[in-house]
Amino acid sequence: MSAKYDIIGINYAELRKPDGRIARIIESALGSAQTVLNVGAGTGSYEPTDRSVIAVEPSREMIRKRSPAAAEAIQASADDLPFDDKSFDAAMAILTIHHWPDKEAGLREMCRVTRDRIVLLTFDPSHRPWLTDYLPELAALDEAQMPTMSDYERWLGSVQITPVLVPHDCSDGFQYAYWRRPAAYLDARIRSGISSFWAIKNAEAGLQNLRRDLETGAWERRYAELLALDAYDAGYRLVVAG
């Protein structure tokens with residue numbers, strides 16, 4: 001089975017360490033579920049440790065990077081889950097759905113194998129964090145690959161959608177996690193843990209503009225209000241169905 005994270009997951013386990021504050025939000029959303037399926041599980045970020053968890057991940061490389069103490073991982077795709085109907089109390093998918101080739105089919109499969117609740121952490125593509133001012137290609141990619149918030153209601157029925165604020169010192173280096181640490185985006189190693197930077201072309205011009213604005217103080221003047229925030233709504237959303 002071929003999967004894009006066999007290539008882009010080089011530094012993923014080191015750069016994408018789960019943030020405890022976000023983990024608590026996900027844990028709370030899972031409610032009383034004792035059996036949980038994690039779809040698109042990657043290296044196991046945000047998997048609860050006090051419940052029975054099975055992970056599904058298409059990339060051998062990502063499975064290889066999982067901790068020996070992590071939940072059992074099965075190599076499979078979201079749109080063809082190898083489980084019987086209603087096998088789990090809850091299913092979760094954390095910052096992964098935008099990579100699925102058939103998002104509706106994947107969510108339909110999650111519904112099929114879940115008795116109660118589906119918990120998704122995703123991104124609202126209508127949001128424009130400041131990084132898109134320098135790299136509009138990121139906004140275009142978000143629009144191309146991220147489901148809209150209305151898609152989830154169309155696919156899952158009634159859903160509850162709530163913002164997940166990103167702490168200024170977030171330990172999980174996802175795309176807009178460095179909103180108060182702009183120089184981080186100039187570090188090629190940090191960018192290697194963000195899948196979108198593998199997908200967009202010609203990022204160098206935008207990064208050079210960012211470097212110039214950081215050196216001249218233009219960035220700090222332009223986004224001064226961000227420096228006073230401890231957490232920021234960058235567009236990440238918790239979607240809960242069931």
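Residue numbers start at 1 and run along the sequence shown.
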Same cluster (ILVMFWY, side-chain, under 4.5 Å), Phe197 and Tyr236: yes
Leu37 side chain reached by Thr114 side chain, heavy atoms, under 4.5 Å: no
Donor-acceptor pair, side chain of Arg117 and main chain of Ala91, under 3.5 angstrom: no
Closest non-hydrogen atom pair between Tyr46 and Ile94, with its separation: CD1-CG2, 3.8 Å
N-O pairing of Arg128 and Glu143 below 4.0 Å: yes
Polar side-chain atom of Arg180 near backbone of Leu229 as donor-acceptor pair, under 3.5 Å: yes
Transitive ILVMFWY side-chain link Trp155 to Met146, under 4.5 Å: no
Electrostatic pair Arg112-Glu109, nearest N-O below 4.0 angstrom: yes
Heavy-atom closest contact (Met92 atom, Pro48 atom, distance): SD-CD, 3.9 Å
Minimum side-chain heavy-atom gap Gln75-Ile63 below 4.5 Å: yes
Pair Leu131-Tyr176, side chain to side chain contact (heavy atoms under 4.5 Å, CB included): steps then yes or no: CA-CA 8 Å; Leu131 187 60; Tyr176 299 118; 4.1 Å; yes
Spatial distance of atom CG (Leu95) from atom CD (Gln175) [nearest 0.5 Å]: 10.0 Å
Ser59 (side chain) donor-acceptor with Met62 (main chain) under 3.5 angstrom: yes
Under 3.5 Å donor-acceptor, Glu72 side chain and Ile54 backbone: no
For Glu47 against Ala55, the heavy-atom pair lying closest together: OE2-CB, 3.5 Å
Aromatic plane relationship, Phe88 with Phe83 - under 30° parallel, 30 to 60° tilted, over 60° perpendicular: perpendicular
Test item: Arg51 side-chain N/O and Ala33 main-chain N/O as donor-acceptor pair under 3.5 Å: yes
Which atom of Pro147 lies closest to which atom of Tyr152, heavy atoms considered: CG-OH, 3.5 Å
Audit row: Glu220, Leu227, side chain to side chain contact (heavy atoms under 4.5 Å, CB included) steps and yes/no: CA-CA 8 Å; Glu220 186 171 351; Leu227 299 176; 3.4 Å; yes
Under 3.5 Å: donor-acceptor pair, side chain of Ser196, backbone of Leu138: no
Donor-acceptor contact present, side-chain Asp84 to main-chain Ser87, <3.5 Å: no
Gln160 CD: over 12 foreign heavy atoms closer than 6.0 Å: no
Any donor-acceptor pair under 3.5 Å from Thr35 side chain to Ser52 backbone: no
Closest contact, heavy atoms only, Asp89 versus Gln34: OD2-N, 2.9 Å
Any side-chain donor near an acceptor of the partner, Asp133 and Tyr223, under 3.5 Å: yes
Side-chain ion pair, Asp19 and Arg21, N-O less than 4.0 Å: yes
Co-membership, hydrophobic cluster, residues Ile118 and Ile22, 4.5 Å side-chain: no
Pair Arg237 + Asp233, salt bridge at N-O below 4.0 Å: yes
Evaluation steps, side chain to side chain contact (heavy atoms under 4.5 Å, CB included), between Val159 and Val240: CA-CA 6 Å; Val159 293; Val240 179; over 6 Å; no
Any donor-acceptor N/O pair, Thr148 side chain to Asp151 backbone, under 3.5 Å: yes
Test: Glu61 and Arg64 ion pair at under 4.0 Å: yes
Sidechain-backbone polar pair: Lys65 side chain, Thr43 backbone, donor-acceptor under 3.5 Å: no
Least distance between heavy atoms, Leu156 atom then Cys111 atom: CD2-SG, 3.5 Å
Whether Trp130 and Tyr185 hold their rings parallel, tilted or perpendicular, with breakpoints at 30° and 60°: perpendicular
Cluster link Val239 to Leu107, ILVMFWY, side chain under 4.5 Å: yes
